[in-house]
Amino acid sequence: MTSGGRTSVPAPHICRSCRLPLVQPQRVVAERSRWRVFLRCPSCEWTAEELLDELALKRLDEELERGTQQLIVAMRQATDMNMREYAARFTSALHADAIVPADF
C-alpha cells in the first residue's frame with residue numbers, strides 16, 4: 001500500500017494478469033485532459049482500458065520505446081549468431097569437399 005491507504009496501481013505496460021511487462025496500447029482516444037487507452041497483453045490476451053494522464057501516457061510510450069530497443073538488440077545478436085554458425089558450417093563443408101558446382 002502507498003501512503004494515504006491507497007493501493008499502488010501497476011504501470012500500464014505491466015500486465016495485471018500475468019505480470020509480464022508486455023502490455024501494448026491497441027488504441028488511444030483523447031478525452032478532455034486524459035487519454036483513454038485500450039491495452040492488450042500479447043502473452044495472456046488480457047485486455048483493459050484505462051484513463052491515463054499526459055505523464056502516464058508519456059511513461060507508457062517510454063517503456064514501449066525501451067522494449068523496442070531491447071528487441072532490436074536481441075534481433076541483431078540472433079542474426080549475428082546465425083551468420084557466424086552459417087559461416088562455420090560453410091567453411092567446414094568447403095574443407096570437407098562437400099560442396100560441388102551443383103550446389104549452386
Side-chain angles (χ1 to χ4, degrees):
M1 294 198 60
T2 61
S3 61
R6 297 184 329 215
T7 57
S8 64
V9 177
H13 73 287
I14 305 291
C15 179
R16 304 326 176 266
S17 179
C18 70
R19 309 300 296 168
L20 293 173
L22 301 173
V23 173
Q24 304 163 355
Q26 300 300 295
R27 187 167 52 123
V28 179
V29 178
E31 290 192 6
R32 298 184 191 133
S33 63
R34 295 187 178 253
W35 301 88
R36 182 168 304 275
V37 182
F38 296 84
L39 303 167
R40 177 182 166 274
C41 175
S43 179
C44 71
E45 299 298 327
W46 170 86
T47 60
E49 61 182 83
E50 291 187 12
L51 278 176
L52 302 179
D53 61 18
E54 193 73 32
L55 183 59
L57 188 63
K58 181 179 178 187
R59 286 187 193 140
L60 176 60
D61 186 54
E62 289 168 352
E63 288 298 329
L64 291 171
E65 179 62 28
R66 186 167 53 152
T68 298
Q69 292 306 313
Q70 289 173 337
L71 286 173
I72 289 169
V73 167
M75 182 188 70
R76 287 180 180 155
Q77 290 172 340
T79 299
D80 182 62
M81 184 176 66
N82 287 340
M83 291 305 293
R84 288 175 188 270
E85 289 174 5
Y86 175 80
R89 286 191 310 270
F90 186 77
T91 302
S92 293
L94 280 175
H95 286 114
D97 287 328
I99 297 177
V100 297
D103 292 332
F104 298 96

Residues forming a side chain to side chain donor-acceptor pair (under 3.5 Å) with [X], sequence neighbours excluded:
X: Arg76; value: none
X: Asp80; value: Arg84
X: Glu45; value: Arg40
X: Glu49; value: Arg36

Among Ile, Leu, Val, Met, Phe, Trp and Tyr joined by side-chain contacts under 4.5 Å, find the other residues sharing a cluster with [X] and list them by chain and number.
X: Ile14; answer: none
X: Trp46; answer: Val23, Val28, Trp35, Val37, Leu39, Leu52, Leu57, Leu60, Leu64
X: Phe38; answer: Val29

Kindly state each residue pair satisfying side-chain hydrogen bond (donor to acceptor under 3.5 Å, both in side chains) with at least one member in residues 19-28, sequence neighbours excluded.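 Matches after skipping sequence neighbours: none remain.
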Applying the side-chain contact (heavy atoms from CB on, under 4.5 Å) test to His13, which of Cys41, Pro25, Pro21 qualifies?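 Only one option passes, and that is Pro21.
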Kindly indicate whether the side chain of Thr91, heavy atoms from C-beta on, has any atom under 4.5 Å from the side chain of His95.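 Touching, per the 4.5 Å side-chain cut-off.
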With sequence neighbours left out, which residue pairs that include part of residues 88-104 fulfil the salt bridge (charged side-chain N to carboxylate O under 4.0 Å, His left out) condition?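 Sorted result for residues 88-104: empty, none.
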Quick note, salt bridge (charged side-chain N to carboxylate O under 4.0 Å, His left out) partners involving residues 54-65, not counting sequence neighbours, are Glu63-Arg66
Roughly how far apart are Leu22 CG and Ser43 OG, rounded to 0.5 Å?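 So the gap between those two atoms works out to 6.0 Å.
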